[in-house]
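For this chain, numbers begin at 1 and follow the sequence in order. Hydrogens, waters and symmetry mates are skipped; everything else that's a heavy atom, side chains included, is used. For clarity, every value in this text was computed on a predicted model and none was experimentally measured.
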Amino acid sequence: MAFDSLSERLQKAMKKITGRGKLHESDIDDMLREVRLSLLEADVNFKVVRKFLADVKEKALGAKILEGLNPGQMVVDIVREELKNILGSEQSELNLNKNGLTVIMLVGLQGTGKTTACGKISLYLRKKLKKSPFMIACDVYRPAAVEQLVTLGKQINVPVYEDGVKTNPRKICKDGIKEAIKVGADVVIIDTAGRLQINEELMDELKDIKEIARPHEILLTVDAMSGQDACNVGLAFNDKVGVSGIILTKLDGDARGGAALSLKEMTGLPIKLMSTGEKLDELEVFYPERIAERILGMGDVLSLIDTVKDNIDEEEAEAMADKMLKGNYNYNDLLKQFKMIKRMGSISKLLGFLPGLGKIKQAMSQVDDKAFNFMEAIISSMTEKERRNPKLIDESAKRRERIAKGSGRSLTEVNNLRNSLNQMKEAMKKVNNMSDAEKKKMSSQMANGNMGQLAPSQKYKKGKGKNKGRFRF
């Protein structure tokens, strides 16, 4: 999980000052010492760390803070605000031409996920911004780079212009833009060549492509796991080519966060987008304030809402909720619900958006996303009649045995799924019989991160020993 290690350390440091009625300067110094070690271990640039600590201390030692009613929380708010500032203060949007063709040029070192980022941006533009993207394959040096972009284009239904690996990239760029205009595209994404290290030959080619394409955006792809070394790359590309923003890739594989916390402060370049997974739809807008709150364990409910909106049809969800409340919920509905959840990403990722993450850390580590595949296999082994009428399975041991054999899962797992459906229906009956005041109270508890009855024991968990790989309650 992104920022996991840093988040854990910083939250531990914050606990030293929260809940106290009065703070002294020595308390602030102790907390900042822990914060300093946390940031340095996360590979944040030492200049950024020094400035961050100085700014926090200056504001935290104010008379109004030390003498306030809740000084600890006020200091936490200062840390959150300063974290937001070094991450970029405000969200920086893509510069899209409102009247005509927008050209986006991607640059970066080889291995930073540049070609994949082209596909992700194209899908983001098409699905969320309702644009008509068009990709141009100008990386003729890396083996299979052109084929990779063409394959990505087919997967997301976005046209790709390529002219093999023997044509000069400058000509490919020029001809590609002409083709994009001809087919009526409104955004062009150019995949340029990278190198294992910065050299003059690479920079000269990028300058020429920039002159031909006249891009509205030059986005630098940066590997989040490269730590503070990413700052040197950012400065070099900005000096030689000119960069308007950064795409942070492989953020899902970086538990420290050094690159994200160093880049804006050291290069002055805003982080505009971040890649949060391997799938092509796992690209998010970079919101500094949301990331700062996520790091401090305050959750990121707004991003969770965005994820739900992007992956779940509102009418379909309302219809399903109505069926659940009426007690008409069956295995077809359960299968639809599994698919909805899978579209939003891993369970660990979704739980990471919720406030109070530290309280459910152990439960998160036990969640097995493969359990959904196993449950889908069980439901797929049922007949359509059995899916629509769960009582047929409840009343027949032979049916359950047949389903277990057909799905390749155990009879225990079939029974667990059956019990899960029945428990869900019973819970919905209780909700339906609640008074309006009780429903309002439950909604309030869930909104505040108090999941109440949804204890970890009622979630699917990884098995242990002989049951490893199976799901249980």
Side-chain angles (χ1 to χ4, degrees), residues 308 312-313 316-344 346-347 350-351 360 363-364 366-436 438-439 441-443 445-446 450-464 466-473:
V308 172
I312 292 182
D313 181 80
E316 186 181 4
E318 285 181 2
M320 186 172 293
D322 187 55
K323 286 193 73 174
M324 290 175 74
L325 289 171
K326 289 179 179 178
N328 298 329
Y329 202 63
N330 58 39
Y331 287 108
N332 282 327
D333 300 315
L334 192 61
L335 187 60
K336 285 181 184 177
Q337 195 171 38
F338 290 158
K339 289 179 179 178
M340 281 184 186
I341 294 170
K342 285 176 71 176
R343 285 203 301 266
M344 291 190 289
S346 68
I347 298 298
L350 296 177
L351 289 175
I360 55 173
M364 278 186 64
Q366 294 178 317
V367 175
D368 186 3
D369 291 307
K370 290 182 180 178
F372 287 116
N373 297 331
F374 301 154
M375 289 184 282
E376 283 185 30
I378 292 172
I379 295 173
S380 297
S381 296
M382 300 174 186
T383 66
E384 184 58 35
K385 193 174 180 180
E386 289 169 340
R387 291 186 207 177
R388 289 198 307 267
N389 187 2
K391 284 186 178 180
L392 293 175
I393 297 172
D394 292 342
E395 296 168 355
S396 173
K398 287 185 177 180
R399 287 179 186 268
R400 294 196 293 272
E401 288 175 5
R402 190 203 78 239
I403 291 166
K405 289 179 181 178
S407 62
R409 309 309 303 172
S410 69
L411 185 59
T412 302
E413 289 173 286
V414 174
N415 286 326
N416 283 343
L417 182 62
R418 182 170 62 92
N419 292 335
S420 176
L421 182 70
N422 290 331
Q423 287 171 7
M424 196 177 297
K425 290 168 75 173
E426 285 299 317
M428 286 303 105
K429 284 181 184 177
K430 289 179 182 178
V431 171
N432 203 26
N433 292 329
M434 281 182 180
S435 65
D436 290 340
E438 288 174 322
K439 288 178 182 178
K441 183 180 178 181
M442 185 184 74
S443 297
Q445 288 176 334
M446 292 181 73
N450 180 9
M451 303 308 285
Q453 299 298 321
L454 298 179
S457 62
Q458 291 187 19
K459 296 180 183 292
Y460 283 102
K461 302 176 184 178
K462 291 178 182 177
K464 294 180 180 179
K466 292 181 180 180
N467 295 318
K468 189 175 182 182
R470 300 189 180 276
F471 61 86
R472 60 183 177 83
F473 288 95

Cation-aromatic face contact R387/Y331, 6.0 Å, 45 degrees: no
Under 3.5 Å, is there a donor on one side chain and an acceptor on the other for S410 and E413? yes
Could you tell me whether a side-chain N or O of S407 sits under 3.5 Å from a main-chain N or O of A404, the two making a donor and an acceptor? yes
Would the distance check show the side chain of R409 and the main-chain N or O of A377 forming a donor-acceptor pair, the cut-off being under 3.5 Å? no
About how many Å separate [atom2] of [Y] and [atom1] of [X], when rounded to the nearest 0.5 Å?
| X | Y | atom1 | atom2 | value |
| --- | --- | --- | --- | --- |
| I378 | N373 | CD1 | CG | 11.5 Å |
| K405 | R400 | NZ | CZ | 14.0 Å |
| L417 | I379 | CG | CD1 | 5.0 Å |

With a 4.5 Å heavy-atom cut-off, do [X] and [Y] have their side chains touching?
| X | Y | answer |
| --- | --- | --- |
| E386 | I403 | yes |
| V414 | R418 | no |
| N330 | N389 | no |

When you look at M375 and N416, which way does the side-chain contact (heavy atoms from CB on, under 4.5 Å) test go after all the steps? CA-CA 10 Å; M375 289 184 282; N416 283 343; over 6 Å; no
The side chain to side chain contact (heavy atoms under 4.5 Å, CB included) partners of K385 (sequence neighbours excluded) come to T383, L392
